[in-house]
Amino acid sequence: MTELKDRYDRKHTYLRISVTDRCNLRCLYCMPEEGMTFMDRDSLLTYDQIAEVVQTAAGFGISKLRITGGEPLVRPGIAGLIATLKSIRGIEEISLTTNGLLLGPQAAALKLAGLDRVNISLDTLDSARFRFIARRGRLDKVLEGIEAAAEAGLGPIKLNCVLLKGVNEDEIGRFLRLSAEKPLHVRFIEYMPIGHDDAGWRDHYLPLSRVAEEADRLGLAYEPLPEGPAGNGPSENYRILGGEGSFGLIHPVSNHFCANCNRLRLTAEGDLKPCLYWVDELSVRPALGSAQAMRELFMKAMRIKPENHEMAALLAGDAQSHVPTGRRMSQIGG
């Protein structure tokens, strides 16, 4: 089997697949409250086309898939797609990132279809603040989704919390205690400059050193977890001593993890992205129907993948070597 290795000898085994750019929330760090123009549904890859891309990816050693959006559960038939992808030889694990609003009624069916686990976006534990950050939706529905995922066996369950200065940093302690009291894995994520103007991003950017400071202030002793929960990816993982769950730090800006990057992204309309941050994309559509053309496309993605994303350079005000993407996170599959 030919491995997917880029110019920096990084082996790629992970493909993130966006199935839609639509979402039932309008989180302030992801998209504007009004005025978003979404892709025409006819422009999205069909599930059969996604399966064709994954068939080629699996032949290169891609074994782990993540279904993303937008919000993937707003697109009908996700369970069927998961069942199809799980049947492809070489695919060992499929996970899904969701905001949790529609997860409750679907969790059992998703598990039955072959979904292994879920990541649930949750930036606050306060109902009023939830409405402020997400601009719609209800926190209680997300909490119901978390419970349903646990009952269905979609674990380990990870909660993704994007920290925003002046918005939710005062809840760090609540999330740390949640990770100690329940078998949940809270992952604090730095706010990334994807699809935002420089000034707006800087206003809310918060380095994750703030988490350790808060744990120390509260007297919460913690220990590192070298292995972490399954599928921990770039997260640095810890556990409050005696805690049931864990917490992790994902800091792409202050301490990027590009040296160990093993992932590619497939956007909902069919563009293969070697790097989340840069503008470079390769459409899979011309290669559909040709296994050889699809293989060549994946190999080209390896040839053009940059060494790193240089978000830290942007934070420092330094020049960047490439052109950043103009897409918003929901349009990439973030």
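For the pairing with Leu101, the side chain to side chain contact (heavy atoms under 4.5 Å, CB included) check across Ile120, Leu139, Leu25, Val74 returns one residue only, Leu25.
A distance-only check finds no donor-acceptor pair linking the side chain of Arg210 to the backbone of Lys165 [under 3.5 Å]. Within the 3.5 Å criterion, the main-chain N or O of Gly137 finds a donor-acceptor partner in the side chain of Arg131. With hydrogens and angles disregarded, no donor-acceptor distance shorter than 3.5 Å links the side chain of Arg89 to the backbone of Gly59. A distance-only check finds no donor-acceptor pair linking the side chain of Arg265 to the backbone of Pro274 [under 3.5 Å]. No donor-acceptor pair closer than 3.5 Å links the side chain of Arg75 to the backbone N or O of Thr20. A donor-acceptor pair under 3.5 Å is formed between the side chain of Glu169 and the backbone N or O of Gly166.
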(request) Using the side chain to side chain contact (heavy atoms under 4.5 Å, CB included) rule, take Thr98 and Leu102 through it: C-alpha gap first, then chi angles, then the decisive distance, then the call. (result) CA-CA 8 Å; Thr98 173; Leu102 302 176; over 6 Å; no

(message) Is there a side chain to side chain contact (heavy atoms under 4.5 Å, CB included) between Leu282 and Asp271? Walk through the geometry before answering.
(response) CA-CA 5 Å; Leu282 301 170; Asp271 292 317; over 6 Å; no

(message) side chain to side chain contact (heavy atoms under 4.5 Å, CB included), that's the test. Do Asn99 and Leu73 meet it? Break it down for me.
(response) CA-CA 9 Å; Asn99 60 36; Leu73 295 183; over 6 Å; no

(request) Apply the test side chain to side chain contact (heavy atoms under 4.5 Å, CB included) to residues Arg187 and Leu159: give CA-CA distance (whole Å), side-chain angles for both, the deciding distance (0.1 Å), then the verdict. (result) CA-CA 6 Å; Arg187 304 180 340 148; Leu159 305 181; over 6 Å; no

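Under the 4.5 Å side-chain heavy-atom criterion for grouping Ile, Leu, Val, Met, Phe, Trp and Tyr, Tyr47 is not connected to Leu112 through any hydrophobic cluster. Taking hydrophobic clusters as Ile, Leu, Val, Met, Phe, Trp and Tyr residues chained together by side-chain heavy-atom distances below 4.5 Å, Ile62 shares a cluster with Ile304. Leu81 and Tyr14 fall into different hydrophobic clusters, where Ile, Leu, Val, Met, Phe, Trp and Tyr residues are linked whenever their side-chain heavy atoms come under 4.5 Å apart, directly or through other members. Hydrophobic clustering places Val54 together with Phe60 (ILVMFWY residues linked when any side-chain heavy atoms are closer than 4.5 Å, directly or through intermediates).
Rounding to the nearest 0.5 angstrom, the gap separating the CG atom in Leu122 from the CD1 atom in Ile146 is 5.5 Å. Note: Leu110 CG to Ile67 CD1 = 10.5 Å, rounded to the nearest 0.5 Å. Note that CD of Glu281 and OG1 of Thr267 are 6.0 Å apart. Values are rounded to the nearest 0.5 Å. Remark: Asp21 CG to Glu71 CD distance equals 12.5 Å, nearest 0.5 Å. In this structure, the separation between CG on Leu184 and CD on Glu244 is 9.0 Å, given to the nearest 0.5 Å. The NZ atom of Lys158 sits 13.0 Å away from atom OG of Ser121, with the distance rounded to the nearest 0.5 Å.
Legend: residues meeting side-chain contact (heavy atoms from CB on, under 4.5 Å) with Glu3, ordered by chain and number and at least two apart, are Lys5, Lys11. In this structure Asp170 satisfies the salt bridge (charged side-chain N to carboxylate O under 4.0 Å, His left out) test together with Arg129, sequence neighbours excluded. By the side-chain contact (heavy atoms from CB on, under 4.5 Å) test, Ala293 pairs with Ala287, Ser290, sequence neighbours left out. With sequence neighbours excluded, no residue forms a side-chain hydrogen bond (donor to acceptor under 3.5 Å, both in side chains) with Ser179. The salt bridge (charged side-chain N to carboxylate O under 4.0 Å, His left out) test applied to Lys141 returns Glu144, not counting sequence neighbours. Checked against ring-ring contact (aromatic ring centres under 6.0 Å, His included), Tyr238 has the following partners two or more places apart in sequence or in another chain: Tyr222, Phe247. The salt bridge (charged side-chain N to carboxylate O under 4.0 Å, His left out) search around Glu223 returns Arg239, not counting sequence neighbours. Residues satisfying the salt bridge (charged side-chain N to carboxylate O under 4.0 Å, His left out) criterion with Arg217, sequence neighbours excluded, are Glu214. When the side-chain contact (heavy atoms from CB on, under 4.5 Å) test is applied to Ala149, the partners found at least two apart in sequence or on another chain are Leu103, Val118, Leu154, Ile157. Glu296 meets the side-chain contact (heavy atoms from CB on, under 4.5 Å) test with Gln292, Met299; sequence neighbours excluded. Every side-chain hydrogen bond (donor to acceptor under 3.5 Å, both in side chains) that Arg10 has, sequence neighbours left out, goes to Asp6.
Closest of all the heavy-atom pairs between Ala79 and Ala109 is CB-O, 4.2 Å. Residues Phe175 and Thr124 share a closest heavy-atom pair of CZ-N, 3.7 Å.
By the 4.5 Å heavy-atom criterion applied to side chains, Met302 and Leu264 are counted as neighbours. Put simply, the side chain of His12 does not reach to within 4.5 Å of the side chain of Arg263, judged on heavy atoms.
Electrostatic pairing of Arg66 and Glu93 does not count as a salt bridge here, judged by no charged N lying under 4.0 Å from a carboxylate O.
For OH of Tyr8, the number of neighbouring non-hydrogen atoms (other residues, nucleotides, ligands) closer than 6.0 Å is greater than 12.
Among pairs with a residue in residues 97-116, those fulfilling salt bridge (Lys or Arg N to Asp or Glu O under 4.0 Å) read Lys86-Asp116, at least two apart in sequence or across chains.
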